[in-house]
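What you are looking at is a predicted structure, and each value in this text was computed from that prediction instead of being measured.
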Amino acid sequence: MAGAIVDIDLRGLLTFDQAFARIERLLQHPEPLLEDIGEYLLLSVDERFDRREAPDGTPWAPVSEEYAERKAAGKATKRSGAVTDPGNILELTRDLRRLTRYQVDGELLLIGSDREYAATHQFGDPKRGIVARPVYGMSDEDNEEAARLVIEHLTDAVDDFG
């Protein structure tokens with residue numbers, strides 16, 4: 001053949017199939033990704049306790065004056081070692097903070113606490129005069145970090161591509 005010749009090597013295209021197969025595997029079995037997001041969220045929840053704010057950045061409502069007095073007097077719980085500083089919202093025994101866990105079940109990531117009062121504080125209880133002080137949820141920063149972790153896992157899945 002006279003003129004210019006272009007040599008196309010189709011063998012490299014097989015790596016695309018391999019890369020897509022790895023991505024497909026990651027999407028079908030996202031547990032490692034969700035575990036990384038769960039570990040990150042544990043840190044994020046811990047920081048929320050330090051900042052005393054909801055996932056959307058709203059400051060938690062202060063405790064009622066009556067409860068603050070009971071707490072300061074050490075009468076809010078019978079448990080020894082309780083935090084008596086009324087400013088430490090949601091941390092009388094620190095159980096809610098210490099016992100926050102995540103669980104991965106297939107394509108589902110759950111985060112929360114098995115403490116019965118966790119729901120009361122998360123959603124409030126108007127009948128008892130308890131306002132919501134949300135702890136669990138995704139902030140904008142959490143969403144950004146989760147997206148970064150997705151990209152990291154996708155990149156890792158195809159890192160030896162090519």
Side-chain angles (χ1 to χ4, degrees), residues 1 3-63 79 81 83 87-128 130-162:
M1 169 185 257
I5 298 175
V6 176
D7 184 17
I8 300 174
D9 183 359
L10 297 178
R11 291 176 294 172
L13 294 178
L14 294 176
T15 57
F16 282 111
D17 289 341
Q18 293 168 347
F20 287 121
R22 290 178 182 181
I23 292 170
E24 183 178 32
R25 247 187 331 271
L26 172 64
L27 296 176
Q28 289 175 345
H29 303 284
E31 293 88 353
L33 166 62
L34 295 176
E35 288 170 0
D36 282 354
I37 294 171
E39 289 293 330
Y40 167 79
L41 288 175
L42 290 178
L43 297 173
S44 181
V45 166
D46 197 54
E47 289 173 2
R48 277 188 205 125
F49 276 97
D50 291 340
R51 293 189 310 259
R52 299 178 180 137
E53 66 182 26
D56 67 2
T58 305
W60 289 337
V63 296
R79 186 169 167 183
V83 177
N88 284 349
I89 302 169
L90 300 185
E91 293 203 75
L92 182 62
T93 62
R94 290 199 164 96
D95 282 353
L96 196 56
R97 181 186 265 215
R98 282 186 314 104
L99 298 174
T100 293
R101 303 282 186 265
Y102 73 87
Q103 177 181 344
V104 173
D105 185 11
E107 298 176 357
L108 183 64
L109 170 63
L110 304 169
I111 187 162
S113 174
D114 64 354
R115 303 290 96 174
E116 289 182 22
Y117 57 85
T120 301
H121 292 300
Q122 181 75 16
F123 304 110
D125 185 347
K127 291 179 183 177
R128 293 175 31 208
I130 299 173
V131 298
R133 294 179 182 94
V135 175
Y136 308 114
M138 298 282 286
S139 67
D140 290 342
E141 185 179 311
D142 296 338
N143 284 319
E144 289 173 14
E145 180 61 15
R148 189 196 68 73
L149 287 166
V150 168
I151 291 168
E152 180 181 301
H153 277 255
L154 288 170
T155 301
D156 289 348
V158 296
D159 68 347
D160 59 350
F161 167 68

Asker: What heavy-atom pair brings Ser44 and Asp142 nearest, and what distance separates the two atoms?
Answerer: OG-OD1, 2.8 Å
Asker: Looking at every heavy atom in both Leu34 and Glu107, which two are closest together, and how far apart are they?
Answerer: CD1-C, 3.6 Å
Asker: Please say whether more than 12 non-hydrogen atoms of neighbouring residues, nucleotides or ligands are located less than 6.0 Å from CD in Gln28.
Answerer: yes
Asker: Testing the 3.5 Å rule here: is there a donor-acceptor pair between the side chains of Asp125 and Thr120?
Answerer: no
Asker: Is a side-chain donor-acceptor pair under 3.5 Å present for Glu35 with Tyr102?
Answerer: no
Asker: Taking all non-hydrogen atoms of both residues into account, name the closest pair between Arg48 and Pro55 and its distance.
Answerer: NE-CA, 3.5 Å
Asker: From Leu110 CG over to Gln103 CD, what is the distance, rounded to the nearest 0.5 angstrom?
Answerer: 5.5 Å
Asker: Measure the CD-CZ distance between Glu47 and Arg52 for me, rounded to the nearest 0.5 Å.
Answerer: 14.5 Å
Asker: Which heavy atom of Arg22 sits nearest to which heavy atom of Val158, and what is that distance?
Answerer: NH1-CA, 4.4 Å
Asker: Looking at Asp46 and Arg51, is any side-chain nitrogen of the basic one under 4.0 Å from a carboxylate oxygen of the acidic one?
Answerer: no
Asker: For Val135 and Gln122, work out which heavy atoms get closest and say how close.
Answerer: N-OE1, 2.9 Å
Asker: Quick one: do Arg148 and Asp36 make a salt bridge, cutoff under 4.0 Å?
Answerer: no
Asker: Kindly compute the distance separating CD1 (Ile111) from CD (Glu39), expressed to the nearest 0.5 Å.
Answerer: 9.5 Å
